[in-house]
Amino acid sequence: MDITADVKLLGVMGHPIGHSKSPVMHNAALRSQRLPYVYLAFDVKPEQLGEAVQGLRAIGARGWNVTIPHKVAIMPFLDEISEEADTLGAVNTVVCEDGRLLGRNTDAEGYLQALVEETGIHLEGQRVLIVGAGGAARAVTYALSRAGVSYIVIANRTLERAEQVASLASKWTESKAVGIDGIGKYIGDCTLVVNTTSVGMFPRTNASPFDPRLLPDGIVVSDLIYNPEKTLLLHEAEARNCTIQNGLGMFVYQGALAYEMWTGQVAPIDVMRKAVARE
Ligand code: NAP
């Protein structure tokens, strides 16, 4: 595609941003559909966040993704926050409509679509253990608790944060908060286990968020990490005949949902997945 005056601006705003795979993923998708957009990485220091947002609005950017450390801090600079982003307390996508900036969050829906698509799971009646209680856990909890699961146990190193996430889940389903040492008591009855902690991520790949020998046979185990492709937890789960899923799908689907909001086109999931996997 030639860069002409019609080309619109998209991007991702974070700090640091050098390792983001979003530009490769979105530009591959835009090229494959011959759409007149370009997607760049914006390294924005926290003290310049407000200026960066006003600048992007002023130059007519169509929208952008928001990542660490700006997902919460950006909210006061936007004109409208969707209900989902408000409940999650974080924005990962901004859409600019006629100069108005709308904050959205596609992490929860992205996780749900990837989980169902990749594992074939029927969520109704599932008994769920979520390990971790950070931003990613909030998105996963929001998605699963509204999808008809029987109950959700949140286990986290810091119990107080697990309690906050369990309280979010309790709006839609039964929920309980425990420390990591409480996992052994509940995991035997669970049918879906999700790791939302960073434990097991490169370079500390020989770590697991809990003793994997506790995993029941044949359940679904999902790990939000995608570097490495298969964490120690997923290796151990596979050895127990579990259906496994890594975090690549969530990353692709959260991006695909944002892409659709900006361009109005159905996102080419396979192109996006291959572009990220190649990186
Ligand atoms: P976060 O808000 O910083 O939360 C980190 C979580 O990990 C907390 O629950 C924290 O427990 C726990 N944790 C960290 N180090 C630990 C350790 N040594 N032992 C036990 N628990 C530990 O981060 P986040 O944004 O939720 O991200 C969490 C993970 O999800 C990261 O690996 C991230 O890459 C991944 N993620 C993937 C996607 C995707 O698209 N696939 C999207 C978002 C995030 P405490 O509360 O006790 O500190």
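These numbers come from the heavy atoms of this one structure, side chains and all, not from hydrogens, waters or symmetry mates. On a predicted model such as this, the values are computed, not experimentally measured, just so you know. Order of listing sets the numbers, starting from 1, for every ligand and every atom in it.
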Short side-chain donor-acceptor distance under 3.5 Å, Glu118 and Tyr253:
no

At what distance is the nearest protein heavy atom to atom 43 (C) of ligand 1, and which residue and atom is it?
Ala136 CB, 3.9 Å

Give the residue, atom name and distance (to 0.1 Å) of the protein heavy atom nearest atom 47 (O) of ligand 1.
Thr158 OG1, 2.5 Å

Residues Glu97, Arg62: salt bridge by 4.0 Å N-O rule:
yes

Under 4.0 Å to a heavy atom of Phe251 - the qualifying atoms of ligand 1, by number
40 (O)

Please identify which atoms of ligand 1 are closer than 4.0 Å to at least one heavy atom of Met201.
32 (O), 34 (O)

Contact region, Asn156 to ligand 1, non-hydrogen atoms below 4.0 Å, reads side chain

Closest approach of any protein heavy atom to atom 37 (C) of ligand 1, naming residue and atom
Leu224 O, 3.4 Å

Are any of the protein's heavy atoms under 4.0 angstrom from atom 33 (C) of ligand 1, yes or no?
no

Please report the interatomic distance NZ(Lys8) to CG(Asp6), rounded to the nearest 0.5 Å.
7.0 Å

Pair Asp223, Thr231: side-chain N/O donor-acceptor within cut-off below 3.5 Å:
yes

Within 4.0 Å of some non-hydrogen atom of Thr197, the atoms of ligand 1 are 7 (O), 12 (C), 29 (C), 32 (O)

Do Tyr142 and Arg138 have a side chain donor and acceptor closer than 3.5 Å?
no

Atom indices of ligand 1 within 4.0 angstrom of Thr196 heavy atoms, with elements:
28 (C), 29 (C), 30 (O)

Indicate whether any N or O donor in one side chain lies under 3.5 Å from an N or O acceptor in the other, for Asn92 and Thr106.
yes

Considering only non-hydrogen protein atoms, determine which one is nearest to atom 14 (C) of ligand 1 and report residue, atom name and distance to 0.1 Å.
Ser198 OG, 3.6 Å

So for ligand 1, is Gly247 a polar contact partner (N or O within less than 3.5 Å, distance only)?
yes

Do the two ring centres, one from His26 and one from Trp262, sit under 6.0 Å apart?
yes

Distance from His70 atom NE2 to Ile68 atom CD1, nearest 0.5 Å?
10.5 Å

State the atoms of ligand 1, each with its element, that fall below the 4.0 Å cut-off from a heavy-atom position in Gly132.
9 (O)

Specify side chain, backbone, both or neither for Val199, according to which of its non-hydrogen atoms lie closer than 4.0 Å to ligand 1.
side chain

Look at atom CD of Glu174 and say whether more than 12 heavy atoms of other residues, nucleotides or ligands are closer to it than 6.0 Å.
no

Is atom 22 (C) of ligand 1 less than 4.0 angstrom from some protein heavy atom?
yes

State whether the number of non-hydrogen atoms from other residues, nucleotides or ligands found under 6.0 Å of Glu47 atom CD is greater than 12.
yes

When distances are taken from atom 4 (O) of ligand 1, the protein heavy atom at minimum range is Gly134 CA, 3.4 Å

I'd like to check Leu123 versus Leu192 (side-chain heavy atoms, cut-off strictly below 4.5 Å). Are they in contact?
yes

Taking only heavy atoms of Gly135, which atoms of ligand 1 are found under 4.0 Å from at least one of them?
2 (O), 26 (O)

Looking only at N/O atoms, are Met250 and ligand 1 under 3.5 Å apart anywhere?
no

Say whether Gln164 and Arg161, considering side chains only, have a donor N or O and an acceptor N or O under 3.5 Å apart.
no

Taking only heavy atoms of Tyr226, which atoms of ligand 1 are found under 4.0 Å from at least one of them?
41 (N)

Write out the residue and atom name of the closest protein heavy atom to atom 18 (N) of ligand 1, then the distance separating them to 0.1 Å.
Arg157 NH1, 3.4 Å

